[in-house]
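Chain identifiers are assigned alphabetically (A, B, ...) following the order of the sequence lines, protein sequences preceding nucleic acid strands; residue numbering begins at 1 within each chain.
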2 protein chains.
Amino acid sequence: MSGSVRRTTMPSIEIVAKEAGVSTATAGRALGGYGSVSRKSREAVLAAAERLGYRPNSLARSMITGLTHTLGVLVPDIENPFFSRALRGIADAAHERGWEVLLVNTDEDLALERKALSVLTERRVDGLVVAPTDVADRDALQAVVDAGIPVVLLDRRVPGLEADTVGIDNRAAAKDATERLLKLGHRSVALLTGGDEKLRPKLSRPGLRGVERLAATTVGARAAGYRDALVEAGIEPRPELVSAEGFRREDAAAATRRLLALPDPPTAILALDSLLALGVLQALRGLGLRCPVDVSLVAFDDADWAEAISPPLSVVAQPIYELGAEAGRLLLDRVQGSDKRFTHRRLPTRFIERESATSR
Amino acid sequence: MSGSVRRTTMPSIEIVAKEAGVSTATAGRALGGYGSVSRKSREAVLAAAERLGYRPNSLARSMITGLTHTLGVLVPDIENPFFSRALRGIADAAHERGWEVLLVNTDEDLALERKALSVLTERRVDGLVVAPTDVADRDALQAVVDAGIPVVLLDRRVPGLEADTVGIDNRAAAKDATERLLKLGHRSVALLTGGDEKLRPKLSRPGLRGVERLAATTVGARAAGYRDALVEAGIEPRPELVSAEGFRREDAAAATRRLLALPDPPTAILALDSLLALGVLQALRGLGLRCPVDVSLVAFDDADWAEAISPPLSVVAQPIYELGAEAGRLLLDRVQGSDKRFTHRRLPTRFIERESATSR
DNA sequence: CCACAGATTGAGAACGTTCTCACCCAAGTG
DNA sequence: CACTTGGGTGAGAACGTTCTCAATCTGTGG
């Protein structure tokens, strides 16, 4: 432990008891509101506490009760609007029932995620909401569960883990979005996954079983849905139209330029999150092309700017806040002793048609 | 305490010690890495710990050391990109030195802020980063400081509070932005503050001393800077061009429509945050007006979409991440015993000229 | 062999709560 | 009057660590 120890001067229950002329047991009862205390004692204790500026020490309380009233929350990137909105939902659900939130950014880094799980376990959080990194460490998560800390997974799933999950039906949502583009007459639709380059070959040419395995991750499930729509429409998926070249805006811009330079360029693009959509728009501007007249665009997530820009963006809106709130509620139910079977809750998405996708 | 008590089965140091055949004191030394332990004992203890899946209980540790290694963070709205980015800075600074972050959303609600301060005090956080609500409760904050918990204020200041503060020079930044619009030939520049309706009369007609008092809040300081620029340019400020009609996008859109319906409408608008700018853009679209040919626009904060939309938005960029990181570092310095005088750090802003503001 | 420094060890206190348990006492009951 | 009932009370254990301190062990130099 580095650093000098700061010793605060906050009075303990014992001091308050002495001041009030009663035992610590009675003072504890008066302050904690349990057991039975005479009116006289209670008033004496409360007055003494007020006078001394007594604040209960919740650490000591937690030692006894075995509850920290703290929920750990692990997200890859708090700056991502998806996670900050979901976090809001989690925090609200927690506060509503008297819990606080200990937040850790994992930065999409597996080592950090493992470290965080370890730290939060030592802090004895009552439960954990985890939005796992794409390659989440099943064993590390299972170890937490085995230690008696319930876990709820948000957005992404981890096969084989004993935990509740909350998310959307990614495959269906992506399929629906793709179908809408196809219905508008687009025959060559590109997919911007934002995923890692390593993922790309798997996304574009999954084997028969490959598609199923893919569907475990969020990106994978959406890619599978995109594929589903193409196949059902009798269109042969073209690997070069599936891009997994990074999740930053610049990556998406570069990917867009590459796509539009193809001999047979796409006439529509499906972006798997709103940051990627920004990259597309930026690239189009740079190329002197216009949306939707030259290229149609549909994105996941209804960012606050989606409605305000020109053209207003057509999006697949997820109930992000509700996802977080539901995860929080589910977790607190477990913490408070629910022994129900693990549930996997899929909340409905909503396609919001604006002006960025038109018929060809 | 509501809910049933979950009793985890995690082994304590005592169990580990027994398994290893040593005393709890020795086991503690071996596990904690303090004091001196023979190689043989240490190995026995570590092996036993591994076997039993021992995880130290940081609550018990905190009881003894007086340090929770936890920083409390109070923000009005975690969904606001400003705060989520600043939070990222705080969290990174904290993690770097081995601290965790307990996050509370105050929702711009004074009662919630007070409640949160109380809860975090009881949790014995080692320090607090607070982005106070506009009408922050000085006394509640001072009580925390008096209880021995150092506080660092982020973005907004609270006059008379014994705390470090980190932010930008709001008055100068707003003055600079306004001057740039004036230099482009605009003579009637509107200001969208996003503040509360109650604030408006104060903003538009501050008395001589009023300006000084105003400058204490972020919105107030920026309004003062806007005024400074006008006055220096010899332009009489027009109260009806200063809008404080709410901080949501729709509020800004409505305000814009009102402004442009004036007999002598503004030719340029300065929006005090990026969400308000979105409202302006949305209103312009609705009115069939174009930016910048019909109305110029400059906003605070370089949102991710600012560069990608049409036209790319000219902005006053704050070093948001650095503000958070600096607040975190300053706080940890205090926690670890720095007794320096309170500092008020102003980080530099940067005007990014893009295409939303042109000469008239 | 003895004295001594330094490493190693364990008993037990401490942190600030909640919980268990026995005890006291006043008020009722037969 | 003896006997129960139950609210009110305080002593002390418990939670799981770290810290203090005295005791024991080890090896070294004389």
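Computed from coordinates, the B:Ile13 CD1 to D:dC19 P distance equals 11 Å when rounded to whole Å. Between the P atom of D:dT17 and the CD atom of B:Glu14 lies a distance of 10 Å, rounded to the nearest Å. We find that CG of B:Leu59 is positioned 12 Å from P of D:dT18, with the value rounded to whole Å. In this structure, the NZ atom of A:Lys18 is 14 Å from the C1' atom of C:dG16, given to the nearest Å. Going from atom CE of A:Met63 over to atom P of C:dT18 covers 13 Å, rounded to whole Å. Rounding to whole angstrom units, CD1 of residue A:Ile15 and P of C:dT17 are separated by 10 Å. One can place CG of A:Asn57 at 5 Å from P of C:dT17, the figure rounded to the nearest angstrom. Going from atom CZ of A:Arg61 over to atom P of D:dG16 covers 18 Å, rounded to whole Å.
Residue B:Ser23 has its side chain nearest to C:dA11 when only D:dG12, C:dA11, C:dG16 are considered. For A:Ile64, taking side-chain heavy atoms from C-beta onward, the closest of the listed nucleotides C:dT17, D:dG10, C:dG10 is C:dT17.
One finds a side-chain N or O of A:Thr26 lying less than 4.0 angstrom from the OP1 or OP2 phosphate oxygen of D:dG10.
Residues from residues 31-54 of chain B that place a heavy atom under 4.0 Å from any atom of DNA chain D, listed by number: B:Tyr34, B:Tyr54.
Within a 6.0 Å sphere centred on CD of A:Glu14, heavy atoms belonging to other residues, nucleotides or ligands number 12 at most.
Using a cutoff of 4.0 Å between basic side-chain nitrogens and carboxylate oxygens, B:Glu100 and B:Arg123 are not scored as salt-bridged. Look at A:Arg334 and A:Glu162 and you find no salt bridge, because none of the NZ, NE, NH1 or NH2 atoms lies under 4.0 Å from a carboxylate O.
Contact detail for A:Leu52 and A:Ile15: the closest heavy-atom pair is CD1-CG2, 4.0 Å.
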Carefully, step by step, assess B:Arg346 and B:Thr165 under the rule side chain to side chain donor-acceptor pair (under 3.5 Å).
CA-CA 8 Å; B:Arg346 303 295 97 175; B:Thr165 69; 2.8 Å; yes
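Residue A:Arg29 places a side-chain atom within donor-acceptor reach of the base of D:dG10, judged by atom type and a 3.5 Å distance cut-off alone.
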Enumerate, atom names and distances included, each donor-acceptor pair closer than 3.5 Å involving a side-chain atom of residues 82-93 of chain B, sequence neighbours excluded.
residue : atom : partner  : partner atom : Å
B:Ser84 : OG   : B:Pro81  : O            : 3.3
B:Arg85 : NH1  : A:Glu79  : OE1          : 2.6
B:Arg85 : NH1  : A:Glu79  : OE2          : 2.8
B:Arg88 : NH1  : A:Asp77  : OD1          : 3.0
B:Arg88 : NH2  : A:Asp107 : OD1          : 2.8
B:Arg88 : NH2  : A:Asp107 : OD2          : 3.1
B:Asp92 : OD2  : B:Tyr321 : OH           : 2.6

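Checked by atom type, the side-chain pair B:Arg55/A:Ser118 shows a donor-acceptor distance below 3.5 Å.
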